[in-house]
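The analysis underlying the following values was restricted to heavy atoms, covering all of them including side chains, and did not include hydrogens, waters or symmetry mates.
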There are 2 protein chains.
Amino acid sequence: MAGRINRKEILVVAMQQFSNRGYAGVSMRNIASACQLNIGSLYHHFNDKQELYLAAVQQAFTGRSAHLLAVLKSNKPPQNRLSSLIDVLCQILDEDQTFLKFVQRELLDGDERRLKYLANQVFGTLIIELNQLCRQISPQLDPVLLANTIIGMVLHLFQSAPLRQHLPGFQQEHQQPEIISQHVQQILWQGLISPHLRGSL
Amino acid sequence: MAGRINRKEILVVAMQQFSNRGYAGVSMRNIASACQLNIGSLYHHFNDKQELYLAAVQQAFTGRSAHLLAVLKSNKPPQNRLSSLIDVLCQILDEDQTFLKFVQRELLDGDERRLKYLANQVFGTLIIELNQLCRQISPQLDPVLLANTIIGMVLHLFQSAPLRQHLPGFQQEHQQPEIISQHVQQILWQGLISPHLRGSL
DNA sequence: ACAAAGTAAACGAACGTTTGATACGCTAAC
DNA sequence: GTTAGCGTATCAAACGTTCGTTTACTTTGT
């Protein structure tokens, strides 16, 4: 009676463990005891470790792009859409560490099957829309690379946070999603040389 | 006689294995057999797995920033220095996968001691110089965040390469370091809106 | 000869997985 | 209203394998 946990609850626990310590770094016993569950019971819900890991990854990814896609498809002007996208992305990454860590791990492990799943099911439609938006906003740049770069600027500022703490010049506010979003947008809109200085070149 | 391997050669093997599959994903037996060495011999060179891992990480990082630092400290004008830095960084990341993968893994694992080592011994002086360069080039932006963002743009374009292959709009040339460097610089110097369009806003 | 570098074999612990028995929640028959 | 039955969930215990590490011994280079 104290036990009785459902599949979804197990997946939430597995998500946290796998995203933090990786596939090989987490044992079935780790997850079982974190769920206050016997290891035999864990195998009642999932056939093997691979299946549990895959389900946890999918759980972490499902529905995660819906919000971003809605922003991209709104009928505001292109520049506003990009601005909102960056805002929302920063918000999501700040709230949910799991998502970002899984993306990093999948990039590192490089399993072809799971990368294809990521590309098609998670990021596919999102990237198509973002590519198109980039083409509209900045016709002189390669839209595919630009889309990737924008995502990368934001992702890196979040994933490098643990290191940045120890780097010279660190300030607490550099971790705030609003600050990060604003900073990225500043670079994108005006580049390094502010417009009023450009004439003097 | 076939055996007889030195510490440095073991570390090169360990670097490759650990960077690709992580600490928990590689066993001492894996590394020993990859060196064509008995596991006992491995323990003759390193006291335990942690020591071997740490030595492999350090091996991957040592001297890696020297080239970048030289570029930063050259007496060319600031904009040229940044341009060269991005060029060289792209070159390094293209040649050496190990370095980037270890950085990613250290960011993920978040071990405080190793992060401090990374921050102080590997990136410390580099970041100080880059911060100062950013302050010179772009006084209106936060130099610390800007330095981090520039590094992040480049890093992400390389670490996302395995995923990008499966994303819509992929082109082979998006993997070339020269193309990536040029793209990043384009964004930085002019932003998304090219100067001749800026007047129409 | 002696230290350094190699080996085979074993240690206990932890791993993924399986087994067989036990408790629970529900429905249907009495 | 009780109870027999049944599928589902939980459990303790064990399987064989691999893990990190140690031991005792042999080979090698100088």
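- Between the CZ atom of Arg7(B) and the P atom of dG6(C) there is a distance of 14 Å, given to the nearest Å.
- Put simply, the residue from His183(B), His156(B), Gln186(B) that forms a side-chain hydrogen bond (donor to acceptor under 3.5 Å, both in side chains) with Thr149(A) is His183(B).
- Scored by the side chain to side chain donor-acceptor pair (under 3.5 Å) test, Asp87(B) finds Ser181(B), Gln185(B) as partners (sequence neighbours excluded).
- Residue Asn148(A) holds its CG atom at 4.5 Å from CZ of Arg164(B), rounded to the nearest 0.5 Å.
- Leu11(A) has its side chain within reach of Phe46(A): a pair of non-hydrogen atoms, C-beta onward, lies under 4.5 Å apart.
- The OH-P distance, from Tyr53(B) to dG20(D), rounds to 14 Å in whole Å.
- Look at Asn38(B) and you won't find any side-chain N or O under 4.0 angstrom from OP1 or OP2 of dG6(C).
- Atom C1' of nucleotide dA13(C) and atom NZ of Lys49(B) are separated by 14 Å, given to the nearest angstrom.
- Within a heavy-atom distance below 4.0 Å of DNA chain C, the residues of residues 12-29 of chain A found are Val26(A), Ser27(A), Met28(A), Arg29(A).
- To the nearest angstrom, P of dA5(C) lies 12 Å from CD of Glu9(B).
- In this structure the side chain of Thr98(B) never reaches within 4.5 angstrom of the side chain of Phe61(B), judged on heavy atoms.
- The shortest distance between the side-chain N/O atoms of His44(B) and the OP1/OP2 oxygens of dG6(C) is not below 4.0 Å.
- As a whole-Å value, the separation of Asn30(A) CG from dG16(C) C1' is 12 Å.
- Between the side chain of Asp109(A) and the main chain of Asp111(A), no donor-acceptor pair closer than 3.5 Å is present.
- Looking at Arg81(B), its side chain does come within 3.5 Å of a backbone N or O of Lys76(B) through a donor-acceptor pair.
- Dashed line: the shortest gap from a side-chain N or O of Ser41(A) to OP1 or OP2 of dC11(D) is under 4.0 Å.
- For the pair Gln50(A) CD and dC15(C) P, the computed distance is 17 Å after rounding to whole Å.
- The distance from atom CG of Leu42(B) to atom C1' of dT22(D) is 14 Å, rounded to the nearest whole Å.
- Between the P atom of dC19(D) and the CD1 atom of Ile31(B) lies a distance of 11 Å, rounded to the nearest Å.
- Ranking dT7(C), dT21(D), dC19(D) by closeness to the Asp48(B) side chain, first place goes to dT21(D).
- With distances taken from any side-chain atom of Ile39(A) to the nucleotides dA8(C), dT10(D), dA13(D), the minimum falls on dA13(D).
- When distances are taken from the side chain of His45(B) to each of dT17(C), dG6(C), dC11(D), the shortest belongs to dG6(C).
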